[in-house]
Visitor: 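Below you will find the structure I want to go over with you.
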Amino acid sequence: MVDKWVREGRVYEHGSEGQYWSDVHPAFRALCYRRIFDSNSGVTCWNTIAQHFSNSNAVKVYLLVAGIGTVCEQESINDMVECMPSTISVKTYPTGYHSLHGSVMEEFLCDLQEIIEDANSPHPQGKL
């Protein structure tokens with residue numbers, strides 16, 4: 001398994017004495033995949049949120065999706081929108097990868113500013 005992590009760049013050589021380093025602990029990553037990505041927990045949680053807020057203008061949901069290497073499949077995004085059509089705003093960053101704040105910083109910060117301003121508005125629009 002460690003060889004696979006090295007090939008994928010999750011674990012890499014660091015230092016002059018053959019030490020290895022991982023930005024995210026591989027065991028933690030594996031646990032996340034088992035408990036979150038390879039489960040229905042996201043669907044269950046999303047549906048619970050939708051039940052509480054789907055007909056409410058009190059809460060706006062902003063789904064920001066990376067265009068490169070995302071774990072969000074389009075079918076899942078469509079399902080999320082279907083659960084909360086009047087509450088959710090979806091924006092995909094075609095050149096963004098997982099860390100949007102680092103990969104498309106300027107666009108992300110502009111959108112974040114818009115979200116903050118919208119949240120402070122007496123009549124939030126909830127659209128990017």
Side-chain angles (χ1 to χ4, degrees):
M1 169 116 7
V2 173
D3 291 335
K4 178 183 177 212
W5 292 334
V6 172
R7 282 192 310 275
E8 293 174 347
R10 296 180 194 176
V11 174
Y12 49 91
E13 210 166 333
H14 182 73
S16 59
E17 297 179 23
Q19 300 100 336
Y20 284 84
W21 182 260
S22 170
D23 293 328
V24 176
H25 193 285
F28 174 75
R29 181 180 171 92
L31 179 63
C32 288
Y33 270 85
R34 272 197 308 278
R35 295 290 185 175
I36 298 170
F37 297 129
D38 291 340
S39 74
N40 287 329
S41 67
V43 172
T44 301
C45 292
W46 191 265
N47 288 334
T48 300
I49 293 167
Q51 287 173 356
H52 290 287
F53 298 113
S54 63
N55 295 318
S56 170
N57 286 328
V59 173
K60 296 297 177 194
V61 176
Y62 298 88
L63 179 60
L64 308 178
V65 182
I68 301 170
T70 184
V71 296
C72 295
E73 296 174 357
Q74 188 59 49
E75 183 180 346
S76 297
I77 294 168
N78 295 343
D79 291 344
M80 288 186 263
V81 171
E82 190 176 313
C83 286
M84 291 190 243
S86 64
T87 304
I88 191 168
S89 175
V90 180
K91 171 140 186 204
T92 300
Y93 298 81
T95 60
Y97 52 88
H98 176 76
S99 298
L100 294 172
H101 63 278
S103 60
V104 286
M105 184 185 301
E106 189 173 318
E107 185 179 6
F108 173 78
L109 290 175
C110 286
D111 290 341
L112 183 59
Q113 182 66 39
E114 188 175 326
I115 291 168
I116 292 167
E117 289 170 4
D118 195 44
N120 289 321
S121 167
H123 305 288
Q125 298 298 308
K127 301 294 178 197
L128 288 175

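For this chain, numbers begin at 1 and follow the sequence in order.
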Visitor: I'd like to check Ile115 versus Lys60 (side-chain heavy atoms, cut-off strictly below 4.5 Å). Are they in contact?
Guide: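 Not touching, per the 4.5 Å side-chain cut-off.
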Visitor: Taking Ser76 for the side chain and Cys72 for the main chain, is one N or O donor matched with an acceptor at less than 3.5 Å?
Guide: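 Flag not set: sc Ser76 to bb Cys72 has no pair under 3.5 Å.
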Visitor: Measuring from Ile88:CD1 to Trp46:CH2, what's the distance to the nearest 0.5 Å?
Guide: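 Taking CD1 in Ile88 and CH2 in Trp46, the distance rounds to 4.0 Å.
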Visitor: Would you name the heavy atoms of Gly96 and Ser103 that are closest together and state the gap between them?
Guide: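 Scanning both residues completely, I find the closest heavy atoms to be CA-OG, 3.5 Å.
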Visitor: Answer yes if the side chains of Tyr62 and Asp111 hold a donor-acceptor pair under 3.5 Å, and no otherwise.
Guide: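 Asp111 and Tyr62 do not have a side-chain donor-acceptor pair below 3.5 Å.
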Visitor: Report yes or no: do Asn47 and Gln51 form a side-chain donor-acceptor pair below 3.5 Å?
Guide: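 No donor-acceptor contact under 3.5 Å links the two side chains.
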Visitor: Over all heavy atoms of both residues, which pair between Met84 and Val61 is shortest? Give the atoms and the distance, please.
Guide: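 Heavy atoms of Met84 and Val61 come nearest at SD-CG2, 4.0 Å.
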Visitor: I'd like to know if Val43 and Ile77 are part of one continuous hydrophobic network [Ile/Leu/Val/Met/Phe/Trp/Tyr, side-chain heavy atoms within less than 4.5 Å].
Guide: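 Unlinked, Ile77 and Val43 end up in two clusters.
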Visitor: Would you call Glu114-Lys91 a salt bridge at under 4.0 Å N-O?
Guide: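 No.
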Visitor: In terms of heavy-atom contacts, does CD of Gln19 have more than 12 from other residues, nucleotides or ligands at under 6.0 Å?
Guide: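 Yes, enclosed.
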Visitor: What's the spacing between His52 NE2 and Thr87 OG1 if we round to 0.5 Å?
Guide: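 Those atoms lie 13.0 Å apart.
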Visitor: Nearest 0.5 Å please: distance from the NE2 atom of His101 over to the CD atom of Glu106.
Guide: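 Reported value, rounded in 0.5 Å steps: 16.0 Å.
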Visitor: Passes side chain to side chain donor-acceptor pair (under 3.5 Å), Asn78 versus Glu82? Steps please.
Guide: CA-CA 6 Å; Asn78 295 343; Glu82 190 176 313; over 6 Å; no
Visitor: Spell out, yes or no, whether Leu109 and Leu64 are grouped together once hydrophobic residues are joined by side-chain heavy atoms under 4.5 Å, including indirect joins.
Guide: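 Shared cluster, yes.
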Visitor: Could you state whether Ile68 and Leu100 fall into the same hydrophobic cluster, counting links through intermediate Ile, Leu, Val, Met, Phe, Trp or Tyr residues with side-chain heavy atoms under 4.5 angstrom apart?
Guide: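 No, separate clusters.
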Visitor: How about Gln74: does its CD atom have over 12 heavy atoms from other parts shown lying under 6.0 Å from it?
Guide: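 It does: Gln74 CD has more than 12 such atoms within range.
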Visitor: Which pair of non-hydrogen atoms, one from Glu13 and one from Gly18, has the smallest distance, and what is that distance?
Guide: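 Looks like OE2-CA, 3.8 Å.
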Visitor: Please check if the side chain of Ser41 supplies one atom and the backbone of Arg35 the other of a donor-acceptor pair under 3.5 Å.
Guide: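 Answer holds: yes.
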Visitor: Would you find a donor on one side and an acceptor on the other, under 3.5 Å apart, between the side chain of Thr70 and the backbone of Val65?
Guide: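 Judged by distance alone, no pair lies under 3.5 Å.
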Visitor: Please tell me whether Met105 and Tyr93 are part of a single hydrophobic cluster in this structure, the criterion being side-chain heavy atoms less than 4.5 Å apart.
Guide: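 They do share one cluster, since a chain of ILVMFWY contacts under 4.5 Å joins Met105 to Tyr93.
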